[in-house]
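Notes to accompany the following structure.
Just so it is clear: chains get the letters A, B, ... in the order the sequence lines come, proteins before strands, and each one is counted from 1. FYI, side chains are in, hydrogens and waters are out, and symmetry mates aren't considered; it's all heavy atoms of this structure.
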Amino acid sequence: MDLQPLLLSAKVAAISTVIVFVLGVFLAHLFAKRQFFGKSVLESLFLLPLVLPPTVVGFGLLIVFGKKGWIGSWLLETFDIQIVFTWTAAVIASVVVSFPLMYQSAAAAFENLDGKLEDAARTMGASEWRVFRTVTFPLAWPGLLAGLVLSFARGLGEFGATLMLAGYIPGKTDTMPMAIYFAVESGQMEKASFWVVIITALGFSIILWLNWWSRRNLRRFAADRR
Amino acid sequence: MLKVDIRKRLAHFELDVAFETGNDIIVLAGASGAGKTSILQAVAGLSHPDSGTIALNGRTFFDSGGSSGRPLPARSRNIGYLFQDYALFPHMTVERNIYYGVSKTHLAAARPVVGQLLGVLGIGHLLGKYPHQISGGEKQRVALARALAAEPELLLLDEPLSALDEETREECQDELLRLHDLWQIPFLIVTHSKSEAEKLGDRVLRLKKGLIVEESRGTMEETPAE
């Protein structure tokens, strides 16, 4: 059995998770304790991919990154870089659909943080960066990790938007969900079953671990608070 | 010398207070919601008044009529702040909490200072513990040690003893007075307890709806009027 879909899915999900984590943590922290005009509109925009059909997200991405898209055409003309039908496209699709999960987890984690702890650090001479590094981030970590894991799982399972932007090119853009769909299409039920088992096992163990871990941490945090 | 002369619009009234002190213990007394904590926050730089001036030992923290216009950030004020619920970092040991405000370059100089604090407060045996593993009275002492470890020029205390039982509270009051004798810096203490105000304060400023309505001398010692 060719393991290419597993490796590609893992690569795409891993890279996408790193991007989503940095972006999600940065934006959620930026927005967490500020109120400004248009904040709820922006946040709704961030969460939109969560409720839209994947085809709509994929369509939107084609308009932006397609060969004639706003960014796609510029990339093609300036750097001779094509996004569509490459694994980069799969990463982009995965980033867009998993970002809402990361953003929500991170925003909740930062909002639940006791602001006094950050203030205490400030009065002790800590710069904003040190406050973030030594107080905000470690205390928000349980929530951030939950977002990270969910984003990775979402990235592994991404299908709809990926199909529209990256297409199905064996050896190039055949992630696990793609492999399943096209195996079924061509009647290769055995191949499809193989990937179904793999992806279900992966997803199940991720959720199982996350549940176990967060329950353990909840207990520890409850003990810390009282 | 601490000089405070500030005005700030609060939810239900305007805070308008002016006072100055050498190395005394000033107690801000009054019902909750009278603006006491807002004064501490303004002095600490965690929130800013609408107008007025705040200066400590010739350094201007805030001056609405000044040329620079920008308030000095909290981290540059060199003050200690004891929060109402102590705000100890739950993810750090007592030792790391206490040394948080000590910069690496001052570590050697700070060791004897911290050593003395640990001795006076009797918390040397707690260094390896986490905040959730120690009692309320111990937390209070650790927070006090942390606030003083970086050798601040002023100590702000927000309801420092309200979370303690009667017996511990009296012990801690005596400790505060002893530390003040040793440290020789102004203490600004917020409390709503009349007996505590009288016991601790060289001067007691009673606040009502943002105004100082009464100033009295504490009963502990006779200080000549400045």
Side-chain angles (χ1 to χ4, degrees), chain A residues 21 25 28-36 105-106 108-149 210 213-226, chain B residues 37 40-47 61 72-92 96-106 110 129-136 139 142-143 145-159 163:
Chain A
F21 184 75
V25 168
H29 185 251
L30 197 67
F31 280 28
K33 274 159 191 163
R34 284 185 188 78
Q35 290 302 331
F36 55 86
S105 301
F110 290 136
E111 271 158 26
N112 287 334
L113 208 71
D114 182 359
K116 265 192 198 161
L117 295 171
E118 294 166 301
D119 277 347
R122 289 185 187 107
T123 63
M124 284 185 277
S127 63
E128 286 305 307
W129 170 236
R130 183 163 180 239
V131 172
F132 180 78
R133 204 164 39 82
T134 58
V135 179
T136 317
F137 189 86
L139 289 176
W141 177 241
L144 299 181
L145 184 66
L148 187 102
V149 172
L210 190 62
W213 190 88
S214 63
R215 199 164 305 146
R216 202 190 57 150
N217 265 274
L218 272 180
R219 261 207 301 275
R220 196 172 65 92
F221 255 64
D224 281 357
R225 290 268 154 92
R226 269 300 102 193
Chain B
T37 298
L40 289 197
Q41 296 226 319
V43 173
L46 298 175
S47 71
F61 286 175
L72 193 67
R75 65 170 180 276
S76 313
R77 296 192 178 194
N78 194 24
I79 49 142
Y81 197 133
L82 190 72
F83 288 81
Q84 187 166 5
D85 49 10
Y86 315 131
L88 293 175
F89 303 129
H91 58 304
M92 296 183 195
R96 283 190 61 211
N97 263 285
I98 291 176
Y99 278 100
Y100 189 87
V102 178
S103 65
K104 284 199 180 90
T105 48
H106 285 100
K129 298 209 162 158
Y130 283 87
H132 69 91
Q133 297 171 316
I134 64 180
S135 74
K139 277 185 199 166
V142 170
R146 182 177 75 168
L148 288 171
E151 300 184 72
E153 294 169 49
L154 164 71
L155 184 62
L156 306 171
L157 306 100
D158 192 356
E159 301 271 6

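- Between A/L117 and B/P90, some side-chain heavy-atom pair lies under the 4.5 Å cut-off.
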(request) Dump the intermediate steps for side chain to side chain contact (heavy atoms under 4.5 Å, CB included) on B/R75 and A/V131, then the final yes or no. (result) CA-CA 10 Å; B/R75 65 170 180 276; A/V131 172; over 6 Å; no
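- Only the backbone of B/L88 comes within contact range of chain A, judged by heavy atoms closer than 4.5 Å.
- Between chain A and the options B/V102, B/D85, B/L156, heavy-atom pairs under 4.5 Å are most frequent for B/D85.
- Figure legend: A/R130 and B/Y100 shown as a cation-pi pair, the cationic atom lying under 6.0 angstrom from the six-membered ring centre and within 45 degrees of its axis.
- With rounding to the nearest 0.5 angstrom, the OG1 atom of A/T123 is 10.5 Å from the CD atom of B/Q41.
- From B/D158, atom CG reaches atom NZ of A/K116 across 6.5 Å, with rounding to the nearest 0.5 Å.
- Counting non-hydrogen atoms of neighbouring residues, nucleotides and ligands closer than 6.0 angstrom, the CZ atom of A/R133 exceeds 12 such neighbours.
- Considering all non-hydrogen atoms of both residues, A/V135 and B/F89 come closest at CG2-CE2, 3.7 Å.
- Looking at every heavy atom in both residues, A/R122 comes nearest to B/L46 through CB-CD2, 4.5 Å.
- Across all non-hydrogen atoms, the minimal contact from B/H91 to A/L139 is ND1-CD2, 3.4 Å.
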